[in-house]
Amino acid sequence: MRPIRPGKYRHVIYIQNMESIRNTDGEWVDEWVDFKKKFADKVPLNSKDYFEAKASNAVLTVVWKTRYDESITGSMRIVEKNKDGSIKEVYDIQGEPLDMEGLHREMEIITEAVVANGG
């Protein structure tokens, strides 16, 4: 069994889950809420350009590798944040996370992000 190199997980990511919360008016609204903070390896695969409503966009596919966590599901998303806590990039999880070796040590999460104006 090969050891996991913790130094390769150099990106801080936030796993977010959709939750119903009360707003300031007391109404229930659905919002993305931080679920877990993780360290991960970011592997960009490709980008596919497309045109929609006269605006150029790129769909960026990224695979995130991180320590295995069975609580992460395909209905969640991954967010990278700036140092001030504002959202830098949002990645939608595509399908269920993969336990590639079947050992519950490391997992891969395939995501897509729509980058406005081609980046």
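In this text, all values refer to a predicted model and were calculated from it rather than measured experimentally.
- Between the Asp25 side chain and the Glu27 main chain, no donor and acceptor come within less than 3.5 Å of each other.
- Cluster membership for Tyr9 and Val12, using ILVMFWY side-chain heavy atoms within less than 4.5 angstrom, is shared.
- At a threshold of 4.5 Å between non-hydrogen side-chain atoms, the residues Met107 and Tyr68 count as touching.
- Between Phe35 and Ser71, the shortest heavy-atom contact is CE2-OG, 3.6 Å.
- Remark: the backbone N or O of Gly74 is paired with a side-chain donor or acceptor of Glu96 at under 3.5 angstrom.
- Ion pair Lys81/Glu89 not flagged as a salt bridge, since none of the NZ, NE, NH1 or NH2 atoms sits closer than 4.0 Å to an Asp/Glu carboxylate oxygen.
- Interatomic distance, CD of Glu108 versus CG of Leu98, reported as 6.5 Å (0.5 Å rounding).
- Annotation: side chain of Ile109 is not in contact with side chain of Val63 (no heavy-atom distance under 4.5 Å).
- Closest of all the heavy-atom pairs between Ser86 and Asp84 is OG-OD1, 2.6 Å.
- Rounding to the nearest 0.5 Å places NZ of Lys88 at 10.0 Å from NZ of Lys83.
- Between Lys36 and Tyr14 there is no side-chain heavy-atom pair separated by less than 4.5 Å.
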Requested in this report: Please step through side chain to side chain contact (heavy atoms under 4.5 Å, CB included) for the pair Asn17 and Arg77, ending with a clear verdict.
Outcome: CA-CA 7 Å; Asn17 195 19; Arg77 71 180 190 179; over 6 Å; no

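- Side-chain N or O atoms of Glu106 include none that pairs as donor or acceptor with a backbone N or O of His104 at under 3.5 Å.
- A donor-acceptor pair under 3.5 Å links the side-chain atoms of Asp99 to the main chain of Gly102, judged by distance alone.
- Of all the heavy atoms in Val79 and Gln16, the pair that sits closest is CG2-OE1, 3.2 Å.
- Between Ala113 and Val90, the shortest heavy-atom distance links the atoms CB-O, 3.2 Å.
- Within the 3.5 Å criterion, the main-chain N or O of Val29 finds no donor-acceptor partner in the side chain of Ser20.
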Query raised in the report: Under the side chain to side chain contact (heavy atoms under 4.5 Å, CB included) criterion, do Phe39 and His11 qualify, and how do the steps go?
Result: CA-CA 5 Å; Phe39 293 90; His11 294 274; over 6 Å; no

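- Here the straight-line distance linking atom CG of Asn82 with atom CD1 of Ile87 works out to 9.5 Å at 0.5 Å rounding.
- Neither Met18 nor Ile93 shares a network with the other; the hydrophobic side chains, linked directly or stepwise wherever heavy atoms of I, L, V, M, F, W or Y lie under 4.5 Å apart, form separate groups for each.
- Between Glu19 and Asp30 there is no side-chain heavy-atom pair separated by less than 4.5 Å.
- Ile78 approaches Trp64 most closely through the heavy-atom pair CD1-CD1, 3.5 Å.
- Panel note: side chain Thr111, backbone Val62; a donor-acceptor pair is recorded below 3.5 Å.
- Counting heavy atoms from C-beta on, the side chains of Ile15 and Ile13 come closer than 4.5 Å.
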Query raised in the report: After noting the C-alpha distance and the side-chain angles of Asp41 and Thr66, does the key distance pass the side chain to side chain contact (heavy atoms under 4.5 Å, CB included) rule?
Result: CA-CA 6 Å; Asp41 184 23; Thr66 187; over 6 Å; no

Report task. Let me see the working for Tyr91 and Lys42 under side chain to side chain contact (heavy atoms under 4.5 Å, CB included), right down to the final yes or no. Result -> CA-CA 12 Å; Tyr91 300 88; Lys42 181 180 183 179; 3.2 Å; yes

